[in-house]
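Notes for the one structure printed next.
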Amino acid sequence: MARKLVFLLAALTAAALPAEAGADAQSRDSEQRYVPGEALVRYASGTDAGERRDLRAAADVDFEESLRVARTQVVSFDGSVRAAIERLEDEPGVVAAQPNYRYHALAVAPNDTHFSDLWGLGGTPGVDVLPAWDRSRGSGQVIAVVDTGVDLTHPDLATNLWTGPGGVHGHDFVDDDTVPDDFNLHGTHVAGTAAAVAGNALGVAGVAPQAQIMAVRVLDGDGAGSTSAIVNGIVFAADNGAGVINLSLGGPAGAGDAAMGDAISHAETRGTVVVAAAGNGGDDGLGDNNDAVPTTPCTLGNANLVCVAAVKKNGARSSFSNFGATTVDLGAPGGDGSGIANQDILSAKPSWASLFSEDFDTTPFSLWTATHTSGTVDWGPAGGGLPPGGNSATDSPSSTNYANNTSSSFQKTSAVPTLG
């Protein structure tokens, strides 16, 4: 039997939101914990399309989309999520109904990317990855980063991207397209820790620098997403050959998320290991006991799910990290939350750059072309406007009123390059 090498990532997690009471609190809780006006429904085996349509009508809900988990759909409705779920569960042919929970990215990418500060790989003290690299560097493995997407042009990641049919590097379940780019930072940070290229004299090295990164975007630019997007992302990754799925995200505490559990079970049928973050504690900045205050998906009961807490350089649990004798499996480098470069986990970030900016202070107006229908061209700095130069542009710099029935335009004389 072939031995599969599993690479585990530590993630800094967001605190689960507490339940609230009262009408206003329930409304706030709805907006924070799950998508308002939506629910997930799982039908009994054997129900046909007509029966599903009839029971949706009886429960006063509308079809939105089918998930990649068998017999599971997203439905929409007006009013209370709780009431809609009760109506659905009263219908014969419905196995279960649940909210479409919201999930959030669990870490903030650091700014620094110096290899010498990667104490989790080769620092002292820390986890020494070099003996593991003597046996394997992840060649042949596909790690799915189910997160905010990945910077597909990053020089430390691009050559390690997984490529599927049609040349795609993954899928975007937020915008529903095949370009899972990162508009947040978080997914790129995770991807760098997992499989940034080693030995290229750039940035950082990943734990598995010869593995492939499958980019699966399920969280938006604010680092937020829903059960339905994450479920589809997990199934997509498993069905397309990911051996490891990383879920550095967390959501509402409570009994769990059955649809996500089903998706992780589906991944198990494909031989896929799912690695999830243990999560952060509450507002006090201290970790919670996951056995008593569970964070989803870490505490779901799937056999192929590995829950990872964060540890500091000295091997002690990071103060913010959740823990649990039953629900948390192990710890991995996660830093102490201080923001100190040699204490926290450094990685890649999207290689964004400013292509063009203008403060109308240091650049002469001769670099711009002005027109005016009256024949008078009198553009100049307005002053007292935008930082950092403190100027903006106007076609009446001398405080003369705009002339009636005229049109002015002002454009850059040379083209602004957009390459890169």
Side-chain angles (χ1 to χ4, degrees), residues 16-104 173 218 224-235 247 249-269 274 292-303 305 327:
L17 297 168
E20 302 179 18
D24 291 341
Q26 288 178 6
S27 176
R28 290 194 300 272
D29 193 45
S30 157
E31 295 174 357
Q32 294 170 338
R33 298 186 67 227
Y34 46 80
V35 180
E38 289 188 1
L40 274 59
V41 55
R42 183 176 181 182
Y43 302 101
S45 179
T47 55
D48 60 28
E51 291 170 325
R52 296 177 184 182
R53 182 175 57 251
D54 291 343
L55 71 85
R56 289 195 300 269
D60 194 23
V61 301
D62 297 315
F63 170 81
E64 288 296 322
E65 64 171 312
S66 292
L67 300 186
R68 298 189 180 205
V69 171
R71 307 187 307 280
T72 305
Q73 294 178 343
V74 179
V75 296
S76 61
F77 43 81
D78 294 325
S80 165
V81 172
R82 185 189 302 270
I85 288 174
E86 290 176 353
R87 295 195 303 271
L88 285 164
E89 290 180 335
D90 286 340
E91 291 298 321
V94 172
V95 173
Q98 68 168 77
N100 194 5
Y101 290 111
R102 294 185 185 277
Y103 287 81
H104 300 276
F173 288 99
V218 298
S226 65
T227 295
S228 55
I230 298 168
V231 161
N232 282 339
I234 292 170
V235 175
L247 295 178
L249 49 83
D257 187 331
M260 189 171 297
D262 289 342
I264 296 172
S265 293
H266 177 84
E268 184 178 11
T269 68
V274 178
V293 186
T295 295
T296 317
C298 178
T299 50
L300 296 175
N302 300 80
L305 180 65
T327 54

So, taking the atom named [atom1] in [X] and the one named [atom2] in [Y], what distance separates them when rounded to the nearest 0.5 Å?
{"X": "Tyr34", "Y": "Leu40", "atom1": "OH", "atom2": "CG", "result": "13.5 Å"}
{"X": "Thr299", "Y": "Leu305", "atom1": "OG1", "atom2": "CG", "result": "8.5 Å"}
{"X": "Leu300", "Y": "Thr295", "atom1": "CG", "atom2": "OG1", "result": "10.5 Å"}
{"X": "Arg102", "Y": "Ile230", "atom1": "CZ", "atom2": "CD1", "result": "11.5 Å"}

Asp78 atom CG: more than 12 heavy-atom contacts under 6.0 Å: no
Pairwise side-chain contact, [X] with [Y], heavy-atom cut-off 4.5 Å (strictly under):
{"X": "Arg42", "Y": "Val94", "answer": "no"}
{"X": "Ile234", "Y": "Leu247", "answer": "yes"}
{"X": "Thr72", "Y": "Val41", "answer": "no"}
{"X": "Tyr103", "Y": "Thr296", "answer": "yes"}
{"X": "Glu89", "Y": "Ile85", "answer": "yes"}
{"X": "Val75", "Y": "Arg56", "answer": "yes"}
{"X": "Val81", "Y": "Val35", "answer": "no"}
{"X": "Arg87", "Y": "Val61", "answer": "yes"}

Worked check of side-chain hydrogen bond (donor to acceptor under 3.5 Å, both in side chains) between Asp257 and Gln98: CA-CA 8 Å; Asp257 187 331; Gln98 68 168 77; 2.6 Å; yes
For [Y], does its backbone N or O pair with a side-chain atom of [X] as donor and acceptor, under 3.5 Å?
{"X": "Arg71", "Y": "Tyr43", "result": "yes"}
{"X": "Asp48", "Y": "Glu51", "result": "yes"}
{"X": "Asn100", "Y": "Ser228", "result": "yes"}

Trace of the side-chain contact (heavy atoms from CB on, under 4.5 Å) decision for Leu249 with His104: CA-CA 6 Å; Leu249 49 83; His104 300 276; over 6 Å; no
How close do [X] and [Y] get, heavy atom to heavy atom, and via which atoms?
{"X": "Pro297", "Y": "Gly250", "result": "CD-CA, 4.3 Å"}
{"X": "Leu88", "Y": "Ala59", "result": "CD2-CB, 3.8 Å"}
{"X": "Gly233", "Y": "Phe173", "result": "CA-CE1, 3.7 Å"}

side-chain contact (heavy atoms from CB on, under 4.5 Å) between Val218 and Asn232, intermediate numbers included: CA-CA 8 Å; Val218 298; Asn232 282 339; over 6 Å; no
Chi angles and distances behind the side-chain hydrogen bond (donor to acceptor under 3.5 Å, both in side chains) call for Glu64, Ser76: CA-CA 6 Å; Glu64 288 296 322; Ser76 61; 2.7 Å; yes
Val231 and Arg68: CA distance, side-chain angles, deciding distance, side-chain contact (heavy atoms from CB on, under 4.5 Å) verdict: CA-CA 7 Å; Val231 161; Arg68 298 189 180 205; 5.9 Å; no
Steps toward side-chain hydrogen bond (donor to acceptor under 3.5 Å, both in side chains) verdict (Thr47, Arg52): CA-CA 7 Å; Thr47 55; Arg52 296 177 184 182; 3.2 Å; yes
